[in-house]
Amino acid sequence: SAVISQKPSRDICQRGTSLTIQCQVDSQVTMMFWYRQQPGQSLTLIATANQGSEATYESGFVIDKFPISRPNLTFSTLTVSNMSPEDSSIYLCSVTRQGPNTEAFFGQGTRLTVV
Amino acid sequence: DAKTTQPNSMESNEEEPVHLPCNHSTISGTDYIHWYRQLPSQGPEYVIHGLTSNVNNRMASLAIAEDRKSSTLILHRATLRDAAVYYCILRDPYNNAGNMLTFGGGTRLMVKP
């Protein structure tokens with residue numbers, strides 16, 4: 001199993017500012033991902049956080065808006081830059097190991113409100 | 001990506017069994033069927049997964065059709081704590097893209113006392 005600590009759990013931010021969300025895992029994991037969950041919606045994958053290299057972004061998400069770092073196998077950050085009210089969402093970190101009988105683990109999420 | 005189709009919502013009475021269906025008619029031979037659930041104000045949590053055979057664990061049972069084009073998550077006795085959104089997801093562990101989960105709309109399960 002893997003226990004994920006995500007910080008902050010929630011924040012209210014002014015438009016135009018940036019927020020960095022931290023994801024700490026209690027064990028080394030191969031794969032780390034960042035998801036966004038807009039109000040009342042399902043989860044959408046933002047990017048795969050790659051250790052020591054640039055993240056791999058999904059369609060509709062760009063590095064300038066959502067820079068991601070992953071300096072080691074247990075830690076990653078997601079920054080939401082130049083925020084607007086449309087960025088108000090829950091942001092979730094997820095980890096998994098490769099293999100057919102592995103499960104994904106999720107953090108509790110960061111509830112972001114942009115005013 | 002192979003897609004899944006689930007009812008938007010279902011209702012159940014407490015302590016009764018619940019059968020949550022999922023259709024995945026375009027499933028490939030290496031896709032595993034995963035179920036996750038998201039309780040209110042929490043991140044998703046793993047429930048169960050399987051490939052071809054029916055699976056049981058402490059949380060639920062997974063019944064997989066013989067042609068694998070559909071599956072059913074079975075909660076044997078629903079409790080109020082089981083009220084959540086349940087997601088049926090196909091995952092190919094042999095494909096790098098299969099390490100990430102693609103979430104559909106899921107089924108919102110409401111449990112009545």
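Order of the sequence lines fixes the chain letters, A, B, ..., with proteins taken first and strands second; residue numbering starts at 1 for each chain. Side chains included, hydrogens not; waters and symmetry mates left out as well; all remaining heavy atoms used.
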Query raised in the report: Among P44(B), P93(B), G43(B), which residue forms the greatest number of heavy-atom pairs with chain A at distances under 4.5 Å?
Result: P44(B)
Are more than 12 heavy atoms from other residues, nucleotides or ligands located less than 6.0 Å from atom [atom1] of [X]?
X	atom1	value
Q28(A)	CD	no
N8(B)	CG	no
R97(A)	CZ	yes
I63(A)	CD1	yes

Query - Heavy-atom pairs under 4.5 Å with chain B, option from C93(A), A104(A), G99(A) with the top count - result: A104(A)
Report task. Report the C-alpha separation of M100(B) and T56(A) in whole Å, then their side-chain angles, then the decisive distance to 0.1 Å, and conclude whether the side-chain contact (heavy atoms from CB on, under 4.5 Å) test is met. Result -> CA-CA 12 Å; M100(B) 60 195 74; T56(A) 305; over 6 Å; no
Do [X] and [Y] sit in the same hydrophobic cluster, where Ile, Leu, Val, Met, Phe, Trp and Tyr count as joined when their side-chain heavy atoms come under 4.5 Å apart?
X	Y	answer
Y46(B)	F105(A)	no
Y87(B)	V47(B)	no
F106(A)	M32(A)	no
L62(B)	Y86(B)	yes
I4(A)	M31(A)	no

What are the two closest non-hydrogen atoms of [X] and [Y], and how far apart are they?
X	Y	result
T102(A)	R91(B)	O-NH1, 2.7 Å
Q108(A)	Q42(B)	OE1-CG, 3.6 Å
Y32(B)	P100(A)	OH-CB, 3.2 Å

Part of [X] within contact of chain B (heavy atom distance under 4.5 Å):
X	answer
Q37(A)	side chain
T44(A)	neither
L43(A)	both
R111(A)	side chain

Query raised in the report: Which value, rounded to the nearest 0.5 Å, describes the distance between T102(B) atom OG1 and E58(A) atom CD?
Result: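 Here the interatomic distance stands at 7.5 Å.
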Query raised in the report: Would you say Y35(A)'s side chain and F103(B)'s backbone share a donor-acceptor pair under 3.5 angstrom?
Result: no
Query raised in the report: Is there side-chain contact between S42(A) and Q38(B), with heavy atoms separated by less than 4.5 Å?
Result: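 They are not in contact (no side-chain heavy atoms under 4.5 Å apart), so the answer is no.
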Requested in this report: Determine, stepwise, if the pair E103(A) / Y36(B) fulfils side-chain contact (heavy atoms from CB on, under 4.5 Å).
Outcome: CA-CA 9 Å; E103(A) 63 196 79; Y36(B) 285 77; 3.9 Å; yes
